[in-house]
There are 4 protein chains.
Amino acid sequence: MRERQILDAAVEVFSRHGYHSASMDEISEVAGVSKPMIYSYLGAKEDLFAKCIRREAGRLLEAVRDGLRSELPPDMQLWHGLRSFYRFVAEYRDSWTVLHRQALTVGGRFADEITMLRSRAIEVVTALVVTAGMKKGLGDRAEFSGPALAVALVGAAESLADWWLDHSEVSDGVLASWLMNLVWLGFNDLIEGSVWRPEE
Amino acid sequence: MRERQILDAAVEVFSRHGYHSASMDEISEVAGVSKPMIYSYLGAKEDLFAKCIRREAGRLLEAVRDGLRSELPPDMQLWHGLRSFYRFVAEYRDSWTVLHRQALTVGGRFADEITMLRSRAIEVVTALVVTAGMKKGLGDRAEFSGPALAVALVGAAESLADWWLDHSEVSDGVLASWLMNLVWLGFNDLIEGSVWRPEE
Amino acid sequence: MRERQILDAAVEVFSRHGYHSASMDEISEVAGVSKPMIYSYLGAKEDLFAKCIRREAGRLLEAVRDGLRSELPPDMQLWHGLRSFYRFVAEYRDSWTVLHRQALTVGGRFADEITMLRSRAIEVVTALVVTAGMKKGLGDRAEFSGPALAVALVGAAESLADWWLDHSEVSDGVLASWLMNLVWLGFNDLIEGSVWRPEE
Amino acid sequence: MRERQILDAAVEVFSRHGYHSASMDEISEVAGVSKPMIYSYLGAKEDLFAKCIRREAGRLLEAVRDGLRSELPPDMQLWHGLRSFYRFVAEYRDSWTVLHRQALTVGGRFADEITMLRSRAIEVVTALVVTAGMKKGLGDRAEFSGPALAVALVGAAESLADWWLDHSEVSDGVLASWLMNLVWLGFNDLIEGSVWRPEE
DNA sequence: CATGAATGAGAATTCATTCAT
DNA sequence: AATGAATGAATTCTCATTCAT
């Protein structure tokens, strides 16, 4: 459809130049469609960007959700989710760039949309983490905060995703394993009562 | 001094709107100084932004370095470093926003500066991590990559920093502890040979 | 065409105010076209000016060349050339003003273009003068320098052109005749060996 | 005096960059005097330029008048006047540049001042020419117009002056002689009734 | 429906010019 | 008397946005 064609072009261009430096001219050129068409189908630049964000966010979420395999135990779910995430990043670099790099810089409205997306990802992870924690009897301990843990985990995953863009020799499975090893083992320790504490 | 006054205003405005949407008019208004003064003291918009970035990056680095306490063991260094980082973020929200959110969007020159800054942070962390790993006999294991670990850790720290901006009821010490518990324990496990592995 | 419309306006405005004082605003107003159109059709102010200069210089050269009648003897060629020149000046006052008055003031690039144009005119005149001189046996005499003579002649012609703008009751033929009488007769004398010399 | 210092600097700078591109900053720097002083002594930029023009025009006129030697016959007067003119140009290149190149481009007021100066020069020359012509019985002939002749002569002299700036190996005396030979001989022919006429 | 052509509104940047000391 | 510091007022140029065809 026409709409899709335009959105594809827009994502490509926004990813390349960022929201502000991207020009409607370039988008229309890349899309092979005249500017008035863009306005008629998708509205003004801001709307267009919003629609890009939403579509890509949807895709990302869907990809991750599809990979989760909710019949497995939490750690395996997490692992599969991470792999899906990295596969998505690898396959749709532009989408990832737009979501991660560009969307935050516009301020206001988009930052909120992205925050929302991130929140949903974090919620999913939190659920996993908390489920696992509850099951093993980890209550409200000062050394622990489900949401905060999830936030950290998501941040770590994102950061590694960026790093991966320049180190694509590593496989998505290995990348996910690193993260699991980094986080999950520590998490298990916490559950089992061993805690890191400043010694001073 | 006049220069400082202007830089402060610039950081504030850049932090609020991002590089592109920030207008010299608004900066001059916030600084309480006419536009020509800005140009005379700090040059064109790009220069101004560069100077903001550099000043804030310097401050951040200095703050963290001051907090490191290199006489302590690596884990304590990391913990103190993290606390300093979070204190900085708390005290200079705008600085952090500019460095973290806005600097990447201008392209070329600034992205490089920020990447450099981040790289230095990652190097420091890597050094700590690797030192600790070496000391405990962790060689080249597939489950482990010093740099990648550092990247993940930095990402997690950044992500928590953002989260913290909306949850400032937690103290910087607690925040740092969470991260230590998340990462260090898992790290210790790795060293001791216990590894997470997908079971399928 | 739109381009022509704009160039006409530009020549008019540049002629009235000179390059620096002419504002794109005024040009766009005179052209009855919005500023962005100017930029889209003819580029930035400097390009616009360059295109004015080139168009007018081309017209002038063409007008003079068309009038030369190279089948006639040198003096007649000169006379016809002069008439064409004056007719051009009369018909395109603004063109002449821009070429003669304004183009030198921008510096570098344009000064060079104009100097080039003038040089070509001087070369043509020199050729005529020298041809005539050779034919009549005027060698290398201290009292004579072909190029310098041409320079003087061109200067005289230009000066008369300016004067004419305020005395247009005279016909172009008469104007050209004056110049021929002033110069050519003296030139003939030179050839025949009669020389003016300071007597002191 | 302070005033002179400033005017000297102004002439230098105006000559180098032209009226519009010359900045008050540079003038004040070259003059070694602060900008407010310039304003207090000589007024705004336009006034300053006007005063430059007037001073230099005065100098030029004076130099030429001093060289005229009104006790000699017209042709010798002319010759001496020309020599003085060229000597002035050689000695005060900047003055000449400002008067000849820059003053015309500002439009309005200054063009008028320069036109005035030129008119006075032309009047002097006209007087000489007409005197000579009268004395020799040259009445009102169609082939001749005293003022126009003078205009042409002045233009030729100016043009040669410019040429000379790049060919300074020629002496001022030779330059003046060329001009005399070019013009005066022809003038004599006219007086004696030999006339150039288009033959067609 | 689709577009080439057109523009309004706004941003950066630069100076001539003047206070406040 | 003299100046460093400050600014108001332009001016060039760009783009998101919309007619007219």
Side-chain angles (χ1 to χ4, degrees), chain A residues 2 6 10 17 19-29 31-49, chain B residues 1-3 5-6 13 17 19-29 31-49, chain C residues 1-3 5-6 17 19-29 31-49, chain D residues 2 6 17 19-29 31-49:
Chain A
R2 222 27 163 282
I6 297 175
H17 302 299
Y19 178 75
H20 289 287
S21 303
S23 80
M24 295 300 270
D25 271 310
E26 186 173 353
I27 293 174
S28 92
E29 201 176 342
V33 157
S34 74
K35 274 190 292 178
M37 280 292 91
I38 299 183
Y39 281 87
S40 127
Y41 278 104
L42 295 160
K45 192 184 189 184
E46 223 181 271
D47 299 320
L48 175 57
F49 190 63
Chain B
M1 203 185 5
R2 221 30 166 263
E3 212 162 306
Q5 197 182 139
I6 297 174
V13 174
H17 302 297
Y19 177 76
H20 290 287
S21 302
S23 83
M24 296 300 269
D25 268 312
E26 185 174 354
I27 294 175
S28 91
E29 203 174 338
V33 155
S34 73
K35 268 187 296 175
M37 280 293 91
I38 299 181
Y39 283 87
S40 140
Y41 278 104
L42 295 159
K45 193 182 187 184
E46 218 181 281
D47 298 319
L48 176 57
F49 191 62
Chain C
M1 206 187 2
R2 222 28 166 262
E3 211 163 307
Q5 198 182 136
I6 298 175
H17 302 296
Y19 178 77
H20 288 286
S21 301
S23 82
M24 296 301 268
D25 269 313
E26 185 173 355
I27 293 174
S28 90
E29 202 173 341
V33 156
S34 73
K35 267 189 296 175
M37 280 292 90
I38 299 181
Y39 283 88
S40 141
Y41 279 104
L42 295 159
K45 192 180 186 185
E46 217 180 282
D47 298 319
L48 175 57
F49 191 62
Chain D
R2 221 29 163 283
I6 298 175
H17 302 298
Y19 177 76
H20 289 286
S21 302
S23 80
M24 295 301 270
D25 270 309
E26 186 174 353
I27 293 174
S28 92
E29 200 176 342
V33 156
S34 74
K35 273 189 295 178
M37 281 291 91
I38 299 183
Y39 282 86
S40 127
Y41 277 105
L42 295 160
K45 191 183 189 185
E46 221 179 275
D47 300 319
L48 175 57
F49 190 63

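Protein chains get the first letters and strands the later ones, always in sequence-line order, with residue 1 at the start of each.
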Nucleotide interval of DNA chain F bounded by contacts with chain B (heavy-atom cut-off, under 4.0 Å): F:dA6 to F:dG8
Residues in side-chain hydrogen bond (donor to acceptor under 3.5 Å, both in side chains) contact with B:D47, at least two apart in sequence or another chain: none
Which atom of D:A22 lies closest to which atom of D:K45, heavy atoms considered: O-NZ, 2.8 Å
Partner residues of A:Y39 under the side-chain contact (heavy atoms from CB on, under 4.5 Å) criterion, sequence neighbours left out: A:M24, A:A44
Atom-pair distance (CD1 on A:I38; P on E:dC1), nearest Å: 18 Å
Salt bridge (charged side-chain N to carboxylate O under 4.0 Å, His left out) involving A:E29 - partner list, sequence neighbours excluded: none
A:S28: side-chain hydrogen bond (donor to acceptor under 3.5 Å, both in side chains) partners, not counting sequence neighbours: none
E:dC1 phosphate, OP1 or OP2, under 4.0 Å from A:R2 side-chain N/O: no
Positions of residues 40-49 of chain A (non-hydrogen atom under 4.0 Å from DNA chain F), listed by number: A:A44, A:K45
Donor-acceptor pair present, B:K35 side chain and E:dT13 base, under 3.5 Å: yes
Toward the 5' end of DNA chain E, by each residue's nearest nucleotide, C:M37 or B:Y39: C:M37
Which residues share a side-chain hydrogen bond (donor to acceptor under 3.5 Å, both in side chains) with B:Q5, sequence neighbours left out: none
All salt bridge (charged side-chain N to carboxylate O under 4.0 Å, His left out) counterparts of A:K35, not counting sequence neighbours: A:D25
Where A:A31 and A:I6 come nearest, the two heavy atoms and their spacing: CB-CA, 4.1 Å
Residue-level proximity of residues 19-29 of chain C to DNA chain F when a heavy atom falls under 4.0 Å: C:A22, C:S23, C:M24, C:D25
Residues in side-chain contact (heavy atoms from CB on, under 4.5 Å) contact with A:S40, at least two apart in sequence or another chain: A:M37
Angle of first-five versus last-five pair axes in the helix from E:dA2-F:dT21 to E:dT21-F:dA2, to 10 degrees: 30°
Interatomic distance, C:E46 atom CD to C:Y19 atom OH [nearest 0.5 angstrom]: 4.5 Å
Test side-chain contact (heavy atoms from CB on, under 4.5 Å) applied to B:E3 - qualifying residues, sequence neighbours left out: B:M1, B:Y41, B:L42
